[in-house]
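Remember, predicted model here, so these are calculated numbers, not experimental data. The basis for the numbers below is simple: all heavy atoms, side chains too, and nothing from hydrogens, waters or symmetry mates.
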Amino acid sequence: MRKQVASNRKNMGTLIQAFGDTLREIKIIKVCFGNEVTCIDKEREALVVFKQGLTDPSGRLSSWEGKDCCKWNGIKCNNQTGHVINLDLRNPYTLINGGVGDQETYERSCLGGKISPSFLELQYLSYLDISFNNFEGTQIPEFLGELKNLRYLNLSFSSFSGFIPSQLGNLSRLHYLDLYARSHSNAGAWELRADNLHWLSGLSSLKYLNMGYVKLQDVGHDWLQAINMLPSLLELNLQYCELDSIPLSLPSINFTSLSVLDLSENSFNSAIPQWLFNLTSLTRLYLVWNFFNGPIPCEFARLKSLEVLDLSNNLNIGGQIPSLLGNLTKLKILDLSANNLTGQIDEFLFGFKENLNNSLVSLNLNSNSLTGELPESLGVLKNLQKLQLSGNSFWGSLPKPIGKLSFLKELYLSSNRMNGTIPESFGQLSNLVNLDLEDNSWEGVLDETHLMNLTSLENIHLTTDSTRLLVFNVSYDWIPPFTLKYIQLVNCKVGPFFPKWLEVQTQLIQVRLNNVGISDTIPEEWFSKLSSQLVFLDLSNNHIKGKLPQKLESPNLQFIDLSYNALEGLIPLWTTNATELYLQSNSFSGPIPENIAVLMPRLQNLHLSDNHLNGTIPSSICKLEELRVFAVRNNGFRGELIDCWSNLQSLFIVEASNNSLSGSIPKSLGYAKSLTLLSLSNNDLDGEIPFSLQNCSSLSSIDLGGNRLSGNIPSWIGLNLSNILVLRLRSNLLDGQIPEEICYLPYLHFLDISNNKLSGIIPSCLGNLTAFVYGNSTHSEYQNAVRRLAYFKEQISVITKGREYEFSSNIALLNAIHLSENNLRGKIPEEITSLKALQVLNLSRNHISGSIPEKIGNLNLLETFDLSHNNLSGIVPPSLSKLTFMSHLDLSYNNLSGKIPTGNQLQTLNASSIYEGNPFLCGFPLQAQCHGDEIAKTVPLSSKDENESILAGFYVTIGPGFFVGFCGVLYVTFRRK
């Protein structure tokens, strides 16, 4: 019995033990499936308090309800303990490179507010990511340094500001720290800073450190020593930290495991430091825009693991490219662009020739000073996918081995001096997607052999000098193997027919066929095929004829340039979002569409000049609130000019000259305060110049000539319009005296108030017009005014050399004063002889008396000098012979006397008509001999061609500062076209 009881007890114990084991197994199974563990109460409460301190406009934290915080979005708990270990609140809607995506949607999805100290309850937290949010300049909380279990901390792109708390140095287990301070919200409004980096020494386990855009200019010269205390560091980013010094050497290096180093966009202004070449584990090295100088060190060859080397935009890195770089067998990306590298590249490529197993896939040598022909050794870069050689001085033809680069996807050779041909082997580049060969001087023929295997081609940019001939010689019905998105052909021979191969391109986004010899009509169905995706259309400078389709819906079309063709018919009623419309120099007729503001509501530049348009200018123009340029010159518009210009606060050019407009100049023009150029010449306008124009302080050119304007020349022009370069009021009915306030215009280059009813004397203060004394100014306001005018080609008629000339270039280049055909009296003021930059002076057909100023020879750049039909007396000053640029002189019909001076340029001006009507003048070239002179046979020098440009002598005086700015504007203008 006892044995039975004992046996039963033993069995019962075994059962109890087995049951206990089963319970434990069930519990373990439940734990494994996550059905058992819930979050810790105090941690849940801490998260609730944290949420209450945040702003959450898009409701990203709406799931943070209920007792089990482990199920909330962005939360991860330990499966066994229930402690919160991961908190991932990274904004899911990010903007790539600060631009791709919807900014408004991005900002609405940002969390903001303040981070609560309740975070301290999350002591088991190892992962914290609150990147790409917007904390609007709040400081990084110091208490984050007490979360001792953190291994990953990402606060990047979240608009923190102030100083980085040194308490972060307590996170000894931290592996990953990202404090990248650039922000997509309120860009530039907040600055994250550090005044030292000593706290980094506590982060002994750190492998990744990103402090890009953190302001470190105050950390002192020992910043690198602090980083040198991180032996485990694998990746370091200190981009754009405003560091201005870097040690050239280090006594010892602890962070030798470093694989990625980015020191871009600082201001080191030194040689490349030697300690870099001891970091033999580097795979990626970025030293962009640091003002490094000197040659590229050959020691780079020691970095055998290097895959990416970017030394671009250092400007002062010069010399030749060392061939030893070719020995870097793992190098895939090499960027040496925007430096001052010189010489040829064949020696550099020799290193790769020795290393036939080279891995290079991207080579960027843009914007250097490299020269010579492209060597055939380019063919050794067999793995190359991207080749950038733009902005150098390469010349000659593309080398035939270019066809060996079978993996090449992108080829950029723009802005060189290439003056040869493109070989047939080019057609072997079956992977080529992007081709940019513009701004060179290509010649020869491109036929189907060059193009038939380019099956991947999407973008082609090919422009040549207008003096060279590059011909697209393909059959009319040729169907290309590629589907293009972008095409730009300038000065190439594509016509005379509209290319069939272009008609089949249905995916085009940008089309530019400028001066390609097309004299055909445009197939109407081609427009309809392109209407959905086309953004940019430029078919200018051809001989395209016929009519455009009247209606077209193209919602994405932003730029239209059909100028300088032979198109006719009505202006098309296209519905687009175009900002620029260029239809000038065609044969369009009829009115401007009344509903143009409905069709093209975003229009900024409207160019309709030099057509056969008529009717009145529609008032709907004033609904184009973004309009900047309104140009309708040389048409047949009639009626009054619209009076609603005050709606157009962005307007800076109004060009309506050479029409039949009548009535007065609208006062509302004076409330378009950005107005820079106003040209209403050769119309039938009357009344006075409106007082309201004094509000347009940016005005640089006023041309109201050839109308019936009356009243005085307003004194406020000189008082309030200080930026005026061109003032042309000729051929009106203006009366009164010349206001002395005109002399207050420091930048005035062109003054024409001739053929009016002005009286009184010539103000002596004209000698104070500084632009006529010193020429072009370097003052920023003057330069800005010139750039604004250079953007737009003015057309102004100028009376010079006895004839009327029309200038379509920038009239501000010409220094001229025209006061002719008025009722001016008195003497020529002596002060006028101080205008040493003056090129044209016309005072003819007045009642001016007295003598010609004796020092008139001081005007040493004078080309045209006309004093005819006045009452001048006395001698012709001998100093006149000093005017060596003189090409037109007229002193006829005065009361001058004595001997005509001789010598220099006066000998070439041998027409007697120059001096006729002065009965007391004598000497060559008149028949009348002076008393005591003997008859001498004079062989006159050949006279200067009267058609020589009036600008001939002017360019001597143009300063280099002006040409840099002016040529930059011309480059942008021609690129636009």
### Query
Once you round to the nearest 0.5 Å, how far does CZ of Phe348 lie from CG of Leu341?
9.5 Å

### Task
List the steps, then state whether side-chain contact (heavy atoms from CB on, under 4.5 Å) holds for Leu61 with Leu111.
CA-CA 9 Å; Leu61 304 184; Leu111 298 175; 4.3 Å; yes

### Task
Please confirm whether the backbone N or O of Gly202 pairs with a side-chain atom of Ser172, one donor and one acceptor, at under 3.5 Å?
no

#### Entry: Check: Val219 main-chain N/O paired with Asp195 side-chain donor or acceptor under 3.5 Å
no

### Query
Which atom names give the shortest non-hydrogen contact between Ser264 and Leu287, and what distance separates them?
OG-N, 4.1 Å

#### Entry: Main-chain N/O of Asn358 paired with Asn383 side-chain donor or acceptor, under 3.5 Å
yes

### Task
For the pair Leu179 and Phe160, evaluate side-chain contact (heavy atoms from CB on, under 4.5 Å) and give the outcome as yes or no after the intermediate values.
CA-CA 9 Å; Leu179 300 174; Phe160 288 107; over 6 Å; no

### Query
Any sub-3.5 Å donor-acceptor pair from Ser362's side-chain atoms to Ile333's backbone N or O?
no

### Query
What are the two closest non-hydrogen atoms of Arg302 and Thr280, and how far apart are they?
O-CG2, 4.1 Å

### Query
Between atom OG1 of Thr283 and atom CG of Leu306, what is the distance when rounded to the nearest 0.5 Å?
7.5 Å

### Query
Looking just at side-chain N and O atoms, do Arg173 and Ser205 make a donor-acceptor pair shorter than 3.5 Å?
no

### Task
Output the distance between atom CH2 (Trp199) and atom CD (Gln167), rounded to the nearest 0.5 Å.
10.5 Å

### Task
Have a look at Leu155 and tell me which of Leu192, Leu144, Ile164, Leu177 forms a side-chain contact (heavy atoms from CB on, under 4.5 Å) with it.
Leu144

### Message
Classify the ring geometry of Tyr106 against Tyr93: parallel below 30°, tilted from 30° to 60°, perpendicular beyond 60°.
### Response
tilted

### Summary
Output for pair (Ile246 CD1, Phe268 CZ), nearest 0.5 Å, gives 4.0 Å

### Message
Would Cys39 and Cys77 count as a disulfide pair, i.e. SG atoms separated by less than 2.5 Å?
### Response
no

#### Entry: N/O donor-acceptor pair under 3.5 Å between Asn339 side chain and Leu315 backbone
yes

### Task
Locate the shortest heavy-atom distance separating Trp190 from Asn134; write the atom from each residue and the value.
NE1-OD1, 4.3 Å

### Task
Could you tell me whether the side chain of Asn290 and the main chain of Phe292 form a donor-acceptor pair under 3.5 Å?
no

### Query
Closest approach of Asn340 and Asn368, non-hydrogen atoms and distance?
N-OD1, 3.4 Å

### Task
Verify whether one side chain among Ser281 and Ser305 offers a donor that lies under 3.5 Å from an acceptor in the other.
no

### Message
Between Ser158 (side chain only) and Ile130 (backbone N and O only), is there a donor and an acceptor less than 3.5 Å apart?
### Response
yes

### Message
Donor-acceptor check, side chain of Asp346 to backbone of Pro375, threshold 3.5 angstrom: yes or no?
### Response
no

### Task
State, without any angle test, whether Asn269 and Ser267 hold a side-chain donor-acceptor pair at a distance under 3.5 Å.
no

### Task
Verify, without hydrogens or angle tests, whether Ser201 (side chain) and Met229 (backbone) share a donor-acceptor contact under 3.5 angstrom.
no

### Task
Indicate the ring-plane relationship of Phe157 and Tyr180, choosing parallel, tilted or perpendicular according to the 30° and 60° boundaries.
tilted

### Message
Give me the atom names and distance for the closest heavy-atom approach of Leu216 to Leu197.
### Response
CD2-CD2, 4.3 Å

### Task
Check Gly343 against Gln320 and note the closest heavy-atom contact, atom names and distance.
CA-NE2, 4.1 Å

### Task
For the residue pair Asn459 and Asn434, confirm or rule out a side-chain donor-acceptor distance under 3.5 Å.
yes

### Message
To the closest 0.5 Å, what do you measure between OG (Ser156) and CZ (Arg90)?
### Response
6.0 Å

### Task
Sequence neighbours left out, what passes disulfide (SG to SG under 2.5 Å) with Cys241? Give chain and number order.
none

### Task
Decide side-chain contact (heavy atoms from CB on, under 4.5 Å) for Leu234 and Ser257; before the verdict, give the C-alpha distance in whole Å, the side-chain angles of both, and the deciding distance to 0.1 Å.
CA-CA 6 Å; Leu234 299 177; Ser257 299; 4.0 Å; yes

### Asn228 and its side-chain contact (heavy atoms from CB on, under 4.5 Å) partner, picked from Ile253, Leu200, Asp222
Ile253

### Task
Please report the C-alpha distance between Phe300 and Leu324 in whole Å, then the side-chain angles of each, then the deciding distance to 0.1 Å, and finally whether the side-chain contact (heavy atoms from CB on, under 4.5 Å) criterion is met.
CA-CA 8 Å; Phe300 273 113; Leu324 289 173; over 6 Å; no

### Task
Test Leu174 against every option in Leu147, Leu153, Leu168, Asn149 by the side-chain contact (heavy atoms from CB on, under 4.5 Å) rule and name the one that passes.
Leu153

### Query
So, does Glu299 use its side chain to make a donor-acceptor pair with the main chain of Phe277 at under 3.5 Å?
no

